[in-house]
S.K.: 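The following block contains the structure, expressed as structure tokens.
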Amino acid sequence: MHPSKTSRLPEPAADELAHSERLLQHLREQIAARGPMPFSQYMERCLYAPGLGYYSAGTTKFGVAGDFVTAPELGDLFAGCVVRAVQPVLAMLGEQADFLELGGGSGAFAQAAMRAFARQGALPRRYLILEPSADLRERQRERLVRTLPAEAFARVAWIDRPPEDAWQGVLFANEVIDALPTTRFLVGRGEIYEEHIALDGEGRLMRVDRPADMLVAGAVRHVERDLGRAFDDGYRSEILPQLPYWIQAIAGSLEAGVMLFVDYGYVRREYYLPERQDGTLMAHYRHRAHSDPLYLPGLNDLTASVDFTALAEAGNSAGFAVAAYLPQAQFLIAAGLQDVFEQAYADAADEATRYGLAQQVKKLTLPDQMGERFQAMLLARGLPVLPVPEELLASDQGDRL
């Protein structure tokens with residue numbers, strides 16, 4: 001643990017410490033039995049270990065009481081814009097079209113999106129939520145049954161794995177790829193190493209670097225070739241060698257439609273800037289960001305920024321074309337943020353609600369908030385034309401990829 005990195009964080013409660021210690025014991029047993037574990041496996045355990053991981057244990061993750069606020073938690077404007085962007089695709093595909101959300105979070109997005117679809121008289125055939133966490137699934141269900149009209153709620157269904165049968169529609173993922181267990185690599189004397197988590201002599205977690213396998217080394221060499229330069233000695237960062245396989249797994253059966261990813265990240269040449277010597281990995285604990293992923297495992301959200309060039313490549317290899325890539329602010333504006341805001345403003349019951357709407361717009365669009373840090377990527381397959389708002393295609397910055 002690095003006190004300098006974590007000393008300004010809130011003190012965990014006794015039950016939180018006990019929870020983290022249980023996960024730590026689980027990790028110690030695995031490492032003792034099998035040797036140092038790749039960082040990606042450590043991150044996967046910290047986030048998703050049944051009953052112990054950050055997303056699978058029962059504390060509040062999202063919103064003011066949790067560890068971070070996602071765009072849907074701010075209010076309904078974000079979902080309203082997403083619906084306006086993709087609803088023409090669902091309309092063109094007709095009655096068989098489904099909407100699939102990856103990782104439903106608190107259920108805030110599904111609630112706002114279904115309301116927006118209902119206002120347009122355009123509910124999708126099914127609103128599917130692929131949610132691996134039983135705990136989050138239950139919270140989503142409670143929220144949606146309480147807040148949606150019966151007809152809308154009847155179309156919501158939870159699934160354990162991506163659809164195996166061919167389907168048509170829209171796949172949406174907000175802040176999902178940043179939580180995929182990431183590989184950490186190091187370049188040393190021209191060789192590629194992979195970061196692992198081991199135990200020191202006193203049973204504490206520590207990082208060690210071991211020679212990378214062919215998959216990881218090949219992925220890093222591909223990035224170097226694409227950048228036209230080798231990484232400097234001592235350069236450490238993240239990479240997702242499994243991303244093409246993951247995209248194929250989640251979207252291989254989507255025969256016609258679009259995928260929309262919104263996440264924080266960069267195009268490749270900005271992601272792997274020479275001065276970004278320690279990558280983009282961050283830990284989040286009760287609305288505080290810090291840089292020690294070994295601190296209180298199970299109580300922190302661990303994330304890494306997204307290489308959107310890698311996402312485009314993975315989409316291409318799965319048979320999708322990049323239809324648009326742009327910062328979140330431009331995406332929302334092109335998708336009709338002005339209209340969505342004005343409608344909500346007109347419907348607002350009081351001044352406090354109107355003020356809240358103005359604050360939402362600021363958070364979603366200002367460069368120092370989410371506007372530039374977050375990016376949106378729209379990938380399409382199997383459509384004769386792409387019926388999305390013209391402003392969206394006109395604002396495309398795909399040439400930066």
S.K.: Spell out, as yes or no, whether a donor-acceptor pair under 3.5 Å connects the side chain of Ser317 to the backbone of Ala314.
M.R.: yes
S.K.: If only atom types and distance count, is the side chain of Arg381 paired as donor or acceptor with the main-chain N or O of Ala318 below 3.5 Å?
M.R.: yes
S.K.: If we ignore hydrogens and angles and just use 3.5 Å, is the side chain of Arg45 paired with the main-chain N or O of Leu23 as donor and acceptor?
M.R.: no
S.K.: Mind listing the closest non-hydrogen atom pair of Leu27 and Pro297 along with its distance?
M.R.: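 Looking at all heavy atoms of both residues, the shortest contact is CD1-CB, 4.1 Å.
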S.K.: Taking all non-hydrogen atoms of both residues, which atom of Leu386 and which atom of Ala380 are closest, and how far apart?
M.R.: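 Distance-wise, the nearest heavy atoms are CD1-CB, 3.9 Å.
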S.K.: Got a second to check how far Thr183's OG1 is from Gln41's CD, nearest 0.5 Å?
M.R.: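 If I round to the nearest 0.5 Å, the distance is 11.0 Å.
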S.K.: So, the side chain of Gln87 versus the backbone of Ala122: is there a donor-acceptor pair under 3.5 Å, distance only?
M.R.: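 Flag not set: sc Gln87 to bb Ala122 has no pair under 3.5 Å.
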S.K.: Is there a donor-acceptor contact under 3.5 Å from the side chain of Asn300 to the main chain of Leu302?
M.R.: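 The answer is no, because no donor-acceptor pair under 3.5 Å joins these two groups.
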S.K.: Side-chain donor-acceptor pair under 3.5 Å between Arg28 and Gln25, yes or no?
M.R.: yes
S.K.: Quick check: does any side chain N or O of Glu16 sit under 3.5 Å from a backbone N or O of Leu296, one acting as donor and the other as acceptor?
M.R.: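 A pair under 3.5 Å: no.
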S.K.: Is there a side-chain contact between Phe331 and Leu378 (heavy atoms, below 4.5 Å)?
M.R.: no
S.K.: Check the orientation of Tyr266 and Tyr271. Use parallel for under 30°, tilted for 30 to 60°, and perpendicular for over 60°.
M.R.: perpendicular
S.K.: Compare every heavy atom of Pro387 with every heavy atom of Val385, then report the nearest pair and how far apart it is.
M.R.: O-CD, 3.3 Å
S.K.: Are any of the side-chain heavy atoms of Gln369 and Leu364 separated by less than 4.5 Å?
M.R.: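 No. Closest side-chain heavy atoms not under 4.5 Å.
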S.K.: Could you report the tightest heavy-atom contact between Ala219 and Pro241, atom names first, then the distance?
M.R.: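 Where Ala219 meets Pro241 most closely, the heavy atoms are CB-CB, 3.9 Å.
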S.K.: Do Pro274 and Arg229 make a side-chain contact, defined as non-hydrogen atoms from C-beta onward lying under 4.5 Å apart?
M.R.: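 The answer is yes; the side chains approach within 4.5 Å.
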S.K.: Please say which of Thr182, Thr280, Thr303 ends up in a side-chain hydrogen bond (donor to acceptor under 3.5 Å, both in side chains) with Glu238.
M.R.: Thr280
S.K.: What class does the angle between the rings of Phe341 and Tyr345 fall in, given that below 30° is parallel, 30 to 60° is tilted and above 60° is perpendicular?
M.R.: tilted
S.K.: Say whether Tyr55 and Asp135, considering side chains only, have a donor N or O and an acceptor N or O under 3.5 Å apart.
M.R.: no
S.K.: Test salt bridge (Lys or Arg N to Asp or Glu O under 4.0 Å) on Arg139 and Glu142; report intermediate values, then the result.
M.R.: CA-CA 5 Å; Arg139 284 190 215 180; Glu142 285 171 11; over 6 Å; no
S.K.: Indicate the atoms forming the closest heavy-atom contact of Leu136 with Ser133, along with that distance.
M.R.: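 Smallest interatomic distance, heavy atoms only, reads N-OG, 3.0 Å.
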S.K.: Does any N or O in the side chain of Arg184 come within less than 3.5 Å of the main-chain N or O of Asp278, such that one atom is a donor and the other an acceptor?
M.R.: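 Judged by distance alone, yes, a pair lies under 3.5 Å.
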S.K.: Would you call Leu205 and Tyr42 a side-chain contact if the rule is heavy atoms closer than 4.5 Å?
M.R.: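 Result yes, sub-4.5 Å side-chain heavy-atom pair found.
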S.K.: Taking the six-membered ring for Trp, are Phe153 and Trp158 parallel (under 30°), tilted (30 to 60°) or perpendicular (over 60°)?
M.R.: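 Phe153 and Trp158: tilted rings.
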S.K.: Please lay out, stage by stage, how Gln359 and Lys362 fare under the test side-chain contact (heavy atoms from CB on, under 4.5 Å).
M.R.: CA-CA 5 Å; Gln359 293 303 106; Lys362 285 183 181 174; 3.8 Å; yes
S.K.: In Å and rounded to the nearest 0.5 Å, what is the CZ to CD distance from Phe308 to Gln397?
M.R.: 12.0 Å
S.K.: So, taking the atom named CD in Gln375 and the one named OG in Ser305, what distance separates them when rounded to the nearest 0.5 Å?
M.R.: 10.0 Å
S.K.: Just by distance, do the side chain of Arg276 and the backbone of Glu270 share a donor-acceptor pair under 3.5 Å?
M.R.: yes
S.K.: Counting N and O atoms only, with roles assigned by atom type, does the side chain of Thr309 sit under 3.5 Å from a partner on the main chain of Leu401, one being a donor and the other an acceptor?
M.R.: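 It does hold such a pair.
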S.K.: Flag the pair Pro149 / Arg115 as yes when at least one side-chain heavy-atom distance between them is below 4.5 Å, and no otherwise.
M.R.: no
S.K.: Between Phe99 and Phe117, does the ring centroid distance fall short of 6.0 Å?
M.R.: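 That pair passes the under 6.0 Å test.
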S.K.: Would you say Gln338 and Ile333 make side-chain contact, with heavy atoms under 4.5 Å?
M.R.: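 They are not in side-chain contact.
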S.K.: At what distance, to the nearest 0.5 angstrom, does CZ of Arg137 lie from CG of Leu130?
M.R.: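 Between Arg137 CZ and Leu130 CG, I get 8.0 Å after rounding to 0.5 Å.
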S.K.: Determine, step by step, whether Glu195 and Arg207 satisfy the salt bridge (Lys or Arg N to Asp or Glu O under 4.0 Å) criterion, reporting the C-alpha distance in whole Å, the side-chain angles of both residues, the deciding distance to 0.1 Å, and the verdict.
M.R.: CA-CA 7 Å; Glu195 186 177 302; Arg207 306 197 222 187; 3.3 Å; yes
S.K.: Going by the angle between their ring planes, with limits at 30° and 60°, are Tyr295 and Tyr285 parallel, tilted or perpendicular?
M.R.: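 Rings of Tyr295 and Tyr285: perpendicular, over 60°.
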S.K.: For Phe261 and Ile177, run side-chain contact (heavy atoms from CB on, under 4.5 Å): C-alpha distance rounded to whole Å, both residues' side-chain angles, the deciding distance at 0.1 Å, then the answer.
M.R.: CA-CA 8 Å; Phe261 294 94; Ile177 296 179; 3.6 Å; yes
S.K.: Quick check: closest heavy atoms across Ala71 and Asn174, and the distance to 0.1 Å?
M.R.: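 Scanning both residues, the minimum pair turns out to be N-ND2, 4.4 Å.
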S.K.: Say you draw a straight line from CG of Leu90 to CZ of Arg125; how long is it, rounded to the nearest 0.5 Å?
M.R.: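 If we round to the nearest 0.5 Å, Leu90:CG and Arg125:CZ are 11.5 Å apart.
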S.K.: For the pair Arg204 and Leu24, evaluate side-chain contact (heavy atoms from CB on, under 4.5 Å) and give the outcome as yes or no after the intermediate values.
M.R.: CA-CA 9 Å; Arg204 289 179 304 219; Leu24 201 47; over 6 Å; no
S.K.: Could you tell me if the side chain of Ile192 sits less than 4.5 Å from the side chain of Phe231, heavy atoms only?
M.R.: no
S.K.: Return the CD to CG distance between Glu342 and Asp347, rounded to the nearest 0.5 Å.
M.R.: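 The distance works out to 12.0 Å.
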S.K.: Would you check if the side chain of Asp263 reaches a backbone N or O of Asp178 as a donor-acceptor pair within less than 3.5 Å?
M.R.: yes
S.K.: Test side-chain contact (heavy atoms from CB on, under 4.5 Å) on Leu144 and Ile129 and set out the steps.
M.R.: CA-CA 12 Å; Leu144 297 179; Ile129 302 177; 4.1 Å; yes
S.K.: Please report the C-alpha distance between Arg155 and Asp98 in whole Å, then the side-chain angles of each, then the deciding distance to 0.1 Å, and finally whether the salt bridge (Lys or Arg N to Asp or Glu O under 4.0 Å) criterion is met.
M.R.: CA-CA 10 Å; Arg155 297 183 186 227; Asp98 294 329; over 6 Å; no
S.K.: Can you find a heavy atom in the side chain of Pro211 that is under 4.5 Å from one in the side chain of Tyr193?
M.R.: yes
